[in-house]
Amino acid sequence: MKAAIIETYGGTDVFRMADLPRPEPRPGEVLIRVRASSVNPVDAGVRSGKILPDNPAQFPMILGWDAAGTVEALGPETEGFARGDRVMAISPQPGSLVGTHAEFAALPATQVVKIADAVSFACAAAAPLIGSTALAAFQALDLPPGARVLINNPKGAVGAIAATIAPLLGFELAAPDAEQVDGAIDVRGRGHARRAFAAVKDGGAYATIVPEWWKPGGVFTASRGITPVTVQNPANQQVLLPLADWLARGALAPEIEDILPLDRIAEAHRRLETPGHTGKFVLDHTC
């Protein structure tokens, strides 16, 4: 199969296209013919060596969390899918050791959901990681419908999809400079994280997807009755199923900045790391 691989950590020039054996689905797995995938900041972090797997790296490495395509085959004891089903999936790479920037990916069925015929593969490929992260952030806040929630960058990839999801979950979306909100989701870190925390009323809720910028003390004080929560993406059907439904209804449409052929993945990474972009870079595997 064709795959975009890295054989060492480094800059965007470490990518190359290679022919690798097609994976065989194990029990409980779905083999997906990937039609589109997308690039996320975590991919750039792994490529550069800033985000490392718990176990020693296995090269050649295929990056990528997001995938959309069709079911090619099923492993033994795999139920709920049939060959030809249109699907989207998420793979928590590098921990999963399965990247999606390849012609095929074999993933647990619990990380795969069906998508409607009307949903394009490009749109579906842009949604899994950012959409499930946003949904997990709202779940981490654990607030009732009607609560006012601040998102400190509603124009970024995760922030924009979170802003779209908020009313779908029954929340009121507060302005980024609002004060005395019921809850806040930090998607930026650094000083932006502290300002978002300060905007939450005492006893409110706060969640961050940028945990390295959460520093105890200062405005992060227990006396305010707020316990900061670091968002953990479960990467499973529980967070993918609502996304698939919203995509099918047209209620959710991730912003796509550009669609590039898979063999231009290095360009996608360069542009991802350039300040100023807001949408997703999707890789078309059919070119």
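- Residues P128 and L243 come closest through the heavy atom pair O-CD1, 4.0 Å.
- Clustering ILVMFWY residues whenever any of their side-chain heavy atoms sit less than 4.5 angstrom apart, transitively, puts I115 in the very cluster that holds I130.
- Cluster partners of L31 are M1, I5, L20, I62, F104, counting Ile, Leu, Val, Met, Phe, Trp and Tyr whose side-chain heavy atoms approach within less than 4.5 Å, directly or via other members.
- The hydrophobic cluster containing V231 also contains I151, counting ILVMFWY residues as joined when their side-chain heavy atoms lie under 4.5 angstrom apart, directly or transitively.
- Cluster annotation: M17 is connected to F15 through the hydrophobic network of ILVMFWY side chains, with a link wherever side-chain heavy atoms come within less than 4.5 Å.
- No donor-acceptor pair under 3.5 Å is formed between the side chain of H192 and the backbone N or O of D186.
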Just list the side-chain donor-acceptor pairs under 3.5 Å for residues 153-176, sequence neighbours left out, or say none.
{"from": "N153", "atom 1": "OD1", "to": "K155", "atom 2": "N", "distance (Å)": "3.4"}
{"from": "T164", "atom 1": "OG1", "to": "A160", "atom 2": "O", "distance (Å)": "3.2"}

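- The side-chain heavy atoms of T70 and D85, taken from C-beta on, include no pair separated by under 4.5 Å.
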(request) Carefully, step by step, assess D258 and K280 under the rule salt bridge (charged side-chain N to carboxylate O under 4.0 Å, His left out). (result) CA-CA 7 Å; D258 204 355; K280 291 295 297 288; over 6 Å; no
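- Summarising the hydrophobic clusters (Ile, Leu, Val, Met, Phe, Trp, Tyr; side-chain heavy atoms under 4.5 Å, direct or chained), the residues clustered with I259 are I256, V282.
- Contacts of F121 classified as ring-ring contact (aromatic ring centres under 6.0 Å, His included), with partners at least two apart in sequence or in another chain: none.
- Between the side chain of W65 and the main chain of Q93, a donor-acceptor pair closer than 3.5 Å is present.
- A184 and A196 get closest at one heavy-atom pair: CB-O, 3.7 Å.
- With rounding to the nearest 0.5 angstrom, the CG atom of L141 is 10.0 Å from the CD atom of Q139.
- Distance check, rounded to the nearest 0.5 Å: CG of L252 to CG of L247 gives 5.0 Å.
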(message) The test is side chain to side chain donor-acceptor pair (under 3.5 Å); show your working for T12 and H269 and say whether it passes.
(response) CA-CA 6 Å; T12 59; H269 271 242; over 6 Å; no
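- Counting heavy atoms from C-beta on, the side chains of T208 and T230 come closer than 4.5 Å.
- To the nearest 0.5 Å, atoms CD1 (I90) and OG1 (T110) are separated by 11.5 Å.
- Closest non-hydrogen pair, A4 versus L262, comes out as CB-CD1, 4.1 Å.
- Checked against salt bridge (Lys or Arg N to Asp or Glu O under 4.0 Å), D182 has the following partners two or more places apart in sequence or in another chain: K201.
- Counting only distance, with no hydrogens or angles, the side chain of T100 and the backbone of S37 share no donor-acceptor pair below 3.5 Å.
- Across V39 and L283, no two heavy atoms sit closer than the pair CG2-CD1, 3.9 Å.
- Residues P25 and L74 are not in side-chain contact: their nearest non-hydrogen atoms beyond the backbone lie 4.5 Å or more apart.
- In this structure, CZ in R195 is found 11.0 Å from CG in L150, a value given to the nearest 0.5 Å.
- Taking a 6.0 Å sphere around CZ of R26, one finds it holds 12 or fewer heavy atoms contributed by other residues, nucleotides or ligands.
- Remark: side-chain polar atoms of Q237 are paired, donor with acceptor, to backbone N or O of A109 under 3.5 angstrom.
- Of the N and O atoms on the side chains of S132 and N233, at least one donor lies less than 3.5 Å from an acceptor on the other residue.
- Linking Ile, Leu, Val, Met, Phe, Trp and Tyr residues whenever their side-chain heavy atoms come within less than 4.5 Å places M88 and F281 in a single cluster.
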(request) Report the C-alpha separation of S96 and S91 in whole Å, then their side-chain angles, then the decisive distance to 0.1 Å, and conclude whether the side chain to side chain donor-acceptor pair (under 3.5 Å) test is met. (result) CA-CA 6 Å; S96 67; S91 180; 2.7 Å; yes
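- Residue H101 forms a side-chain contact (heavy atoms from CB on, under 4.5 Å) with just one option from I265, D66, V34, and that option is I265.
- In this structure, the side chains of V239 and P234 come closer than 4.5 Å at one or more pairs of heavy atoms.
- At most 12 heavy atoms of other shown residues, nucleotides or ligands fall within 6.0 angstrom of atom CD in E179.
- Between the side chain of E29 and the backbone N or O of T78, no donor-acceptor pair lies under 3.5 Å.
- In this structure, R264 pairs ionically with E267, as a charged nitrogen and a carboxylate oxygen lie closer than 4.0 Å.
- Look at R249 and D245 and you find a salt bridge, because one of the NZ, NE, NH1 or NH2 atoms lies within 4.0 Å of a carboxylate O, short of that distance.
- The distance from the CD atom of Q232 to the OG1 atom of T133 is 10.5 Å, given to the nearest 0.5 Å.
- Here the CG atom belonging to L260 is positioned 9.0 Å from the SG atom belonging to C287, to the nearest 0.5 angstrom.
- Looking at every heavy atom in both residues, F197 comes nearest to I226 through CE1-CG2, 3.6 Å.
- Closest of all the heavy-atom pairs between L135 and W246 is CD1-CH2, 4.2 Å.
- Side-chain contact between D117 and R86 is present, with heavy atoms from C-beta onward closer than 4.5 Å.
- Taking the side chain as every heavy atom from C-beta outward, Q111 and P92 approach each other to under 4.5 Å.
- Between I185 and F138, the closest side-chain pair of non-hydrogen atoms falls below 4.5 Å.
- Looking at heavy atoms from C-beta onward, V181 lies out of side-chain contact with V149 at the 4.5 angstrom threshold.
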(message) Let's go through Y206 and V229 carefully: what are the C-alpha distance in whole Å and the side-chain angles of both, what is the deciding distance for side-chain contact (heavy atoms from CB on, under 4.5 Å) to 0.1 Å, and is it a yes or a no?
(response) CA-CA 6 Å; Y206 173 91; V229 178; over 6 Å; no
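- Pairs engaging residues 33-42 under the salt bridge (Lys or Arg N to Asp or Glu O under 4.0 Å) rule: R33-E72, R33-E103 [sequence neighbours left out].
- In this structure, R47 contributes its side chain and I6 its backbone to no donor-acceptor pair below 3.5 Å.
- Although no hydrogens or angles enter the test, the distance criterion places a donor-acceptor pair under 3.5 Å between the side chain of S38 and the main chain of A125.
- N40 contributes no side-chain N or O that, together with a main-chain N or O of V42, makes up a donor-acceptor pair within less than 3.5 Å.
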(message) Is there a side-chain contact (heavy atoms from CB on, under 4.5 Å) between M61 and Y9? Walk through the geometry before answering.
(response) CA-CA 10 Å; M61 183 185 295; Y9 298 124; 4.0 Å; yes
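- There is a path of hydrophobic side-chain contacts, each under 4.5 Å, that joins L52 to V210.
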